[in-house]
Number of protein chains: 2
Amino acid sequence: MTSDEAMWAGVVPDASRRLLIAAVDSFAELGYHGTSTRQIAAGAGMSAGALYVHYRTKADLLYRIAELVHESVLAALRDALADVHGPTARVRALMYAFACWHARHHRAARVIQNELGALEAGPARTIAGMRRRVRAVLHEEIQAGVAAGVFDVADVAGTGRALASLAIDVCRWYRPEGAASPEEIGALYAHLAVRMLRPGRDG
Amino acid sequence: MTSDEAMWAGVVPDASRRLLIAAVDSFAELGYHGTSTRQIAAGAGMSAGALYVHYRTKADLLYRIAELVHESVLAALRDALADVHGPTARVRALMYAFACWHARHHRAARVIQNELGALEAGPARTIAGMRRRVRAVLHEEIQAGVAAGVFDVADVAGTGRALASLAIDVCRWYRPEGAASPEEIGALYAHLAVRMLRPGRDG
């Protein structure tokens with residue numbers, strides 16, 4: 001089981017799950033607009049008619065994938081903070097988990113980053129809300145560190161955005177055959193994040 | 001003239017240039033695989049037959065766009081370093097230019113980041129070479145700062161990759177109507193880059 005498959009493990013029935021996995025495969029290869037529901041169904045070994053039992057439209061599939069991806073990120077960040085105390089340790093744990101997640105789930109994450117614009121208005125609002133929650137987790141930890149006098153950050157919003165961006169972009173360039181493992185990338189990014197937040201000679 | 005149009009200004013004849021601009025528009029909206037040459041030609045107010053006078057295939061258009069985009073980035077980085085001395089000032093100038101460029105040219109940059117996988121083997125090698133040169137510019141400046149004892153960097157390759165990634169990802173999230181201007185993003189990222197490289201309390 002690949003790590004992406006682990007993300008879909010809770011989806012039932014089995015046919016719904018296979019269609020999600022086939023959709024990620026097709027979107028990754030041909031883009032959302034370049035993929036037909038017929039291709040997705042074929043990828044799952046099903047007929048186009050059988051697909052519509054589980055998903056009304058191709059847009060429905062994209063929305064469900066986006067929802068699962070963002071639920072998974074939020075859970076990873078929440079888990080990373082459990083029982084971790086102190087601003088530096090918490091940002092370190094967050095950034096490690098955030099970057100690691102985007103290496104491990106680079107394929108599904110990339111599809112979603114590339115195709116967010118194809119979501120319909122209602123779903124787009126829901127996903128935008130989930131993305132705001134992700135950014136808020138980082139923002140709150142930076143803010144807490146500033147309030148505690150541990151971090152020195154002139155632009156909390158911009159710096160939080162930069163940290164999120166750095167972790168998210170791992171899904172664009174990460175390759176499993178590359179030099180660094182998800183854990184090594186996570187450790188480096190945790191280190192760089194703390195450097196960005198704590199005053200140095202440049203602070 | 002938008003900043004993207006400025007990037008194509010040297011392309012002649014006029015019809016070739018209009019086709020490039022129309023291709024970026026279509027790829028941005030529908031993805032590379034979701035776009036037909038007929039749509040691109042129509043976007044430029046031309047017939048599909050007239051398109052083939054200028055570009056053999058849709059893949060040719062993508063390649064030409066990727067080439068112009070990467071030539072523009074490399075020129076921006078080269079210009080940023082002219083007459084700037086000292087590792088800190090040079091990294092600051094580089095990061096400012098790199099992030100600014102990706103905000104100003106976010107649309108064309110996004111198309112290229114999303115669609116690099118669609119390039120054919122030969123063109124993909126050429127573009128990969130240009131991308132290595134972009135990363136090498138950053139890498140060399142970090143290396144020089146370490147050699148001069150100004151920077152404290154355990155993982156030069158990984159840190160250089162992170163700085164490039166941070167600047168490139170601006171094209172994904174930047175919106176002209178957003179709170180920060182390209183210049184403000186450039187200034188923040190120059191500051192964050194120097195923080196990552198110079199030893200602080202965490203160093």
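Only this structure's heavy atoms are used, side chains among them; waters, hydrogens and symmetry mates stay out. Proteins come first, then strands; the chains are lettered A, B, ... in the order of their sequence lines, and each starts at number 1.
- For Leu116(A), no part lies under 4.5 angstrom from a heavy atom of chain B.
- Under a 3.5 Å cut-off, the side chain of His191(A) and the backbone N or O of Ala187(A) do not form any donor-acceptor pair.
- With a 4.5 Å cut-off on non-hydrogen atoms, Leu30(B) touches chain A through its backbone and its side chain both.
- Interface remark: Glu115(B) contributes no atoms to any contact with chain A (heavy atom separation under 4.5 Å).
- Side-chain contact between His54(A) and Met46(A) is present, with heavy atoms from C-beta onward closer than 4.5 Å.
- Here the side chain of Tyr55(A) pairs a donor or acceptor atom with the backbone of Ser16(A) at under 3.5 angstrom.
- Remark: the Thr37(A) side chain and the Tyr52(A) side chain contain an N/O donor-acceptor pair separated by less than 3.5 Å.
- Proximity of a side-chain donor or acceptor of Arg92(B) to a complementary backbone N or O of Ala190(B) within less than 3.5 Å is not detected.
- For Tyr189(B), the part lying under 4.5 angstrom from a heavy atom of chain A is the side chain only.
- For Ile185(B), no part lies under 4.5 angstrom from a heavy atom of chain A.
- Of the residues considered (Asp155(A), Val170(A), Leu197(A), Ile168(A)), Ile168(A) shows the highest number of contacts with chain B, using heavy-atom pairs under 4.5 Å.
- Residues Asp152(B) and Arg195(A) are paired through a salt bridge, judged by an N-O separation under 4.0 Å between the basic side chain and the carboxylate.
- When heavy atoms are compared at a cutoff of 4.5 Å, Thr159(B) approaches chain A by way of both its backbone and its side chain.
- Neither the backbone nor the side chain of Glu184(A) comes within contact range of chain B; no heavy atoms are under 4.5 Å apart.
- Of the atoms belonging to Ala162(B), heavy atoms from both backbone and side chain fall under 4.5 Å from chain A.
- The closest donor-acceptor contact from the side chain of Ser72(A) to the backbone of Met7(A) lies at 3.5 Å or more, if one exists at all.
- Between the Tyr32(A) side chain and the Ala59(A) main chain, a donor and an acceptor come within less than 3.5 Å of each other.
- Highest contact tally toward chain B, considering only Glu29(A), Gln113(A), Arg110(A), is held by Gln113(A) [criterion: heavy-atom pairs under 4.5 Å].
- Each of Gly31(B), Ser165(B), Gly34(B) has some count of heavy-atom pairs under 4.5 Å with chain A, and the biggest count is that of Ser165(B).
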